[in-house]
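Remember, it's a predicted structure, so these values are computed and weren't measured experimentally. Along the sequence shown, residues carry numbers from 1.
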Amino acid sequence: ATPEPQPRIDVEIQVDTAAYKQFGMECKLGKQITDRRGYLLEPPKTSVVTDTGAQVDCLNKSKLKYLGINESSLLQTELSLGFANESDADIMGAFWGKVIYKVNHKNTVVRVLFYVLRKGGNLLSRTTITKLGLLHPTFPQVSLGGSSVTSSSSATQGQVVVADNPGAK
């Protein structure tokens with residue numbers, strides 16, 4: 001059987017210039033992309049994986065030019081990231097950004113620190129997808145009629161552990 005595709009959403013990504021000011025940092029943006037008449041182009045939607053196992057937000061280097069960022073303007077990092085297949089993510093640096101998710105003409109904005117990768121895809125962390133309202137804050141626990149269902153290392157594959165939820169009535 002073919003595995004299901006990774007869950008993706010389309011979001012707008014922007015540089016969070018207010019975050020740079022808040023932290024007293026210089027925000028060095030290059031020329032943003034304009035059309036032939038010189039009007040700023042609206043940032044394209046970016047398809048990102050909503051990864052409940054990701055601890056940080058990542059963006060592939062190919063998205064930098066749309067944001068007016070070049071490699072020299074990235075914040076230096078000491079973080080080393082690996083993928084689930086144990087390969088290195090090869091971080092170029094980071095930048096303060098905003099994720100804008102539009103649903104029913106309503107914008108939800110989450111401020112994030114994006115790690116820029118030489119290789120690898122665009123993904124949002126568990127924290128970010130929770131702040132966007134796409135994931136319940138108690139995940140992986142789900143409430144079922146007064147009981148809390150969670151995965152457990154003591155459960156065998158296909159088995160679910162049910163614990164009493166003292167707060168439920």
Side-chain angles (χ1 to χ4, degrees), residues 1-20 22-23 25 27-142 151:
T2 307
E4 298 228 3
Q6 295 174 310
R8 293 183 167 275
I9 60 171
D10 290 333
V11 297
E12 183 181 321
I13 294 172
Q14 296 178 355
V15 175
D16 189 353
T17 54
Y20 284 87
Q22 178 184 343
F23 296 116
M25 303 168 86
C27 181
K28 298 176 274 184
L29 290 179
K31 185 175 188 281
Q32 292 182 302
I33 305 223
T34 58
D35 65 13
R36 290 182 182 164
R37 292 170 289 172
Y39 294 110
L40 270 182
L41 290 180
E42 190 147 321
K45 295 274 191 243
T46 300
S47 177
V48 293
V49 173
T50 53
D51 189 343
T52 59
Q55 296 172 312
V56 296
D57 300 287
C58 298
L59 202 61
N60 184 275
K61 69 178 181 177
S62 65
K63 301 297 179 189
L64 292 182
K65 66 181 175 183
Y66 296 106
L67 298 167
I69 299 175
N70 56 40
E71 187 171 353
S72 65
S73 63
L74 292 174
L75 304 170
Q76 296 305 304
T77 66
E78 292 185 15
L79 182 67
S80 173
L81 285 177
F83 295 119
N85 67 3
E86 298 185 10
S87 65
D88 182 51
D90 199 6
I91 298 173
M92 296 170 57
F95 73 93
W96 292 107
K98 293 189 284 190
V99 175
I100 303 164
Y101 182 57
K102 297 179 183 183
V103 178
N104 300 326
H105 305 289
K106 179 180 173 265
N107 288 353
T108 303
V109 179
V110 177
R111 299 172 84 181
V112 302
L113 178 64
F114 274 109
Y115 289 89
V116 179
L117 310 179
R118 284 190 206 286
K119 50 192 174 194
N122 307 310
L123 58 91
L124 297 180
S125 67
R126 174 179 168 172
T127 300
T128 300
I129 59 179
T130 301
K131 288 179 180 179
L132 289 172
L134 299 173
L135 186 67
H136 196 275
T138 61
F139 177 85
Q141 295 182 332
V142 272
S151 61

Atom pair OH (Tyr115) and OG1 (Thr77), whose distance is rounded to the nearest 0.5 Å | 6.5 Å
Taking atom CD1 of Ile91 and atom CZ of Arg118, what is their separation to the nearest 0.5 Å?
-> 10.5 Å
Please tell me if the side chains of Val110 and Leu124 come closer than 4.5 Å, counting only heavy atoms from C-beta onward.
-> no
CD1 (Ile100) and CG (Asp10) are apart, to the nearest 0.5 Å, by 13.5 Å
Give a yes or no on this: more than 12 heavy atoms of other residues, nucleotides or ligands lie within 6.0 Å of atom NZ of Lys63.
-> yes
Do you know which two heavy atoms are closest between Lys98 and Val109, and how far apart they sit?
-> CD-CG1, 3.9 Å
Got a sec, which residues hit ring pair (Phe, Tyr, Trp, His ring centres under 6.0 Å) with Phe95, two or more places apart in sequence or on another chain?
-> Phe114
Residue pair Val99, Val48: steps toward the side-chain contact (heavy atoms from CB on, under 4.5 Å) verdict = CA-CA 10 Å; Val99 175; Val48 293; over 6 Å; no
Approximate separation, where rounding is to 0.5 Å, of Asp51 CG and Thr128 OG1 = 11.0 Å
Just wondering, do Thr108 and Val103 contact through their side chains at under 4.5 Å, heavy atoms?
-> no
Roughly how far apart are Met92 CE and Gln76 CD, rounded to 0.5 Å?
-> 10.0 Å
Looking only at non-hydrogen atoms, find the nearest pair between Asp16 and Arg111 and report the distance.
-> OD2-NE, 2.6 Å
Verdict with supporting geometry, Lys61 and Glu71, side-chain contact (heavy atoms from CB on, under 4.5 Å) | CA-CA 9 Å; Lys61 69 178 181 177; Glu71 187 171 353; over 6 Å; no
Could you check Ile129, Ile9, Asn107 and say which one makes a side chain to side chain contact (heavy atoms under 4.5 Å, CB included) with Tyr101?
-> Ile9
Do any N or O atoms from the side chain of Asp57 and from the backbone of Ser125 form a donor-acceptor pair under 3.5 angstrom?
-> yes
Does the side chain of Leu113 come within less than 4.5 Å of Leu75's, by heavy atoms?
-> yes
Test side chain to side chain contact (heavy atoms under 4.5 Å, CB included), reference Leu59, set Ile13, Ile69, Val112, Leu117, output is Ile13
Where the side chain of Asn70 meets the backbone of Ser72, is there a donor-acceptor pair that is under 3.5 Å apart?
-> yes
Got a second to check how far Asn60's CG is from Asn122's CG, nearest 0.5 Å?
-> 6.0 Å
